[in-house]
Amino acid sequence: MVTLTAPPRSRTSAAPAERSRRRRTAGQDNAAYVMLIPWVIGMLFTLIPFGVSLYLAFTDYNLLQPAEFVGWDNFVAFVNDPKAMTAAEVTLRYTFIAVPVSLVAALGVALLLNRGVRGLKFYRSAFYLPSLIGASVAIVMLWRSIFGFDGIVNGFLARFGIEGPSWTSDPSWALVTLITLSVWGFGAAMVIFLAGLRQIPRMYYEAASVDGATPVRQFVSITLPLLSPVLFFNLVLGLIGSLQTFTQAYVFSGGTGGPADSTLFFNLYLYQQGFQQFDMGYASALAWVMFVVIAIFTAINFLVSKYWVFYND
Amino acid sequence: MTELTAPRTARSTWRAITQKLGSDAVYTEELTGTPATRFLRHVVLLGLGLFMMYPLLWMLSASFKPSGDVFSDTGLIPAATDWSNYGTGWNALEHGFQLYLFNSLLLAVANIVGNVFSCSITAYVFARLRFRGRRMMFALTLGTMLLPSHVVLIPQYVVFSKLGWINTYLPLIVPAFLATNAFFVFLLVQFMRALPMELQDAAKIDGCGAIRTYWSVIMPLTVPALATVSIFTFIASWNEFFGPLLYLTDQELFTVPLALRQFIAAEGSSAWGPMFAMSVLSLLPVIGFFFIGQRYLINGIATTGMK
């Protein structure tokens, strides 16, 4: 007979005695484990490949012959591979510009919308929609054409007598084009900011304005600290997502990372090595380099967050 | 700061209406600022919104322009309208566009079914049942959210190729049935935790086991959250480019993103009109779902930043 007990709402509310009684009801355990079967398979299917890819990173493997252990060769090759270094540089440059600019835009618009605006639903949709379609092939192609030499961006600049560069074929501008596409998708972060702003009690602002605090002061002393957990969340997710950019780079350059490797994102290079050259050992090493970099960034973020992220509870 | 408030009765009526509309109630409570600053705010927001929407409107208009006019005719209203772009684009590839639309739809539906069932069962177990290792397992699930997908990509590809699944839809469908989307599991756990516990007690008295309780009590009550999961799954699956690029090689199996990509490779840059026509078609389902399910999407994304 399966015994069903409702879990308490918070971790601490169950009395220890009651909890140990629950522990002994093996029936419930069994039902839970049966229902978790899909999850367990899915987990194994994530964790085992995670380990295997670490092993493959130390091998020479092309899918056809068995993997051959080569020690640190792949990592030595990585350090001496100018293309891999270019790919790392492109990805980092993109991330360090696109993420902060998107966050500032998202916060700015969220603040405007938070001021009690009629038609909020309409505005929120207009700003949110692009973030849902920004990584689709159609939009990347659209971007390529509007930033093309004859595209509407240069047409617009020409009205002011500015001769725009050839955005898509000039190596120094191609990445800028992709950065604008990324910033265009700030809407998801904006929705999260907006929800965060709504959690801040109005009375704080009322008290502050009674004390004569200016709007700027209120923003710095109330809004920013109370919004910092949300800002942190958006920052961490933005960094992780941005470092893994693939579709935009692939579609924009036709899979090459051109012009002159200026849009050769790390993931695109990984794809080229693994699935075009079939050098899967090296590709696994690249994946692990990326994993370590992302882990370091995330760890730094969490460490630094102690000094600027403020939790109210 | 000047506070401009509507007469009391009007305000409470407005509040009653907006509360009926659900979560948007909180957003419309107070209008701050003088009429002038409020007007200015709208000007800024409208300008920005137009700026955001302009590329999409331009693409729509370009899809009706003759290919030669796409860049020379800069207006949003085409000087000459060329309806044939849609027909030409539809039949430009090896197969008619209906095949690619059908394939994408098939994958999207399979992914929705997979995610809805596997993630909701898993979330139910984490949210409503007590068992050994529960907290550790849930933490593990959340941990996978931070794991870059490319780290596991190559071994997974190797497994799929050993299973003979390359060039089939299985690698693109099966993971959805295994609750691999930690974000959805988390979203559903949050939602299920908020459901009253009395429901479960009542089900128990009526003699329901854990599985029966999930199916007859919890699952039906989770429908709003499942709608969120479905819409997000649809959009993600419809836009998905990398998976199909990796696993599909036969034209017959191609999805819409692969077909579009193929289109550009095949036609070069000469066929602008048809390309934009097919781009518009590829975005329409997503935009349609966005407008139908806006509230679910916005609540779904908004909760991710909260605890």
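The chains referred to below are lettered A, B, ... by the order of the sequence lines, with proteins before strands, and numbering in each begins at 1. When reading the values below, keep in mind they use all heavy atoms of this one structure, side chains included, and skip hydrogens, waters and symmetry mates.
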Discussion item. Please classify the contact of A/Ile240 with chain B as side chain, backbone, both or neither, using a heavy-atom distance under 4.5 Å.
Written reply: side chain

Worksheet entry | Atom group of A/Leu142 that falls short of 4.5 Å from chain B, counting heavy atoms | both

Discussion item. If only side-chain N and O atoms count, and only distance matters, is there a donor-acceptor pair under 3.5 Å linking A/Ser284 with A/Tyr55?
Written reply: no

Worksheet item: Is chain B contacted by the side chain of A/Leu286, its backbone, both, or neither, given a heavy-atom distance below 4.5 Å?
Response: neither

Discussion item. For B/Thr213 and B/Gln200, which I'm curious about, is there any donor-acceptor pair between the side chains at under 3.5 Å?
Written reply: no

Worksheet item: Just checking, any donor-acceptor pair under 3.5 angstrom between side chains of A/Ser131 and A/Trp184?
Response: no

Item to complete: Could you tell me which portion of A/Phe127 (side chain, backbone, both or neither) has an atom closer than 4.5 angstrom to a non-hydrogen atom of chain B?
Response: both

Worksheet item: Side chain, backbone, both or neither: which part of B/Phe117 has a non-hydrogen atom closer than 4.5 Å to chain A?
Response: neither

Fill in: Residues that A/Leu237 engages under side-chain contact (heavy atoms from CB on, under 4.5 Å), provided they are two or more places apart
A/Phe233

Discussion item. For B/Tyr54, is the OH atom crowded, meaning more than 12 foreign heavy atoms sit under 6.0 Å from it?
Written reply: yes

Worksheet item: Among B/Thr141, B/Thr180, B/Thr122, whose side chain to side chain donor-acceptor pair (under 3.5 Å) with A/Trp39 holds?
Response: B/Thr141

Fill in: Under 4.5 Å from any heavy atom of chain B - which part of A/Phe275
side chain

Worksheet item: Side chain, backbone, both or neither: which part of B/Trp58 has an atom under 4.5 Å from a heavy atom of chain A?
Response: side chain

Worksheet entry | Atom group of A/Ile133 that falls short of 4.5 Å from chain B, counting heavy atoms | both

Practice prompt. Kindly indicate, with the supporting measurements, whether the criterion ring-ring contact (aromatic ring centres under 6.0 Å, His included) is fulfilled by A/Tyr250 and B/Phe242.
Written response: CA-CA 9 Å; A/Tyr250 185 96; B/Phe242 187 66; 8.6 Å; no

Worksheet, complete the sentence: Turns out that what part of A/Phe193 lies under 4.5 Å from chain B's heavy atoms comes down to neither

Worksheet entry | Atom group of A/Leu47 that falls short of 4.5 Å from chain B, counting heavy atoms | side chain

Discussion item. Checking side-chain polar atoms at under 3.5 Å, does A/Tyr123 have a donor or acceptor matched by the opposite partner on B/His42?
Written reply: yes

Fill in: Heavy-atom pairs under 4.5 Å with chain A, option from B/Leu46, B/Ile287, B/Val44 with the top count
B/Leu46

Worksheet entry | Toward chain B, the part of A/Tyr61 with a non-hydrogen atom under 4.5 Å | side chain

Practice prompt. Tell me, out of B/Leu245, B/Leu260, B/Val185, who's got the most heavy-atom pairs with chain A below 4.5 Å.
Written response: B/Leu245

Worksheet item: In terms of heavy-atom proximity below 4.5 Å to chain A, should B/Ile211 be classed as side chain, backbone, both, or neither?
Response: both

Worksheet item: Do A/Trp288 and A/Ser53 have side-chain N/O donor and acceptor atoms under 3.5 Å apart?
Response: yes

Worksheet item: Of the backbone (N, CA, C, O) and the side chain (C-beta and beyond), which part of A/Tyr205 lies under 4.5 Å from a heavy atom of chain B, both, or neither?
Response: neither

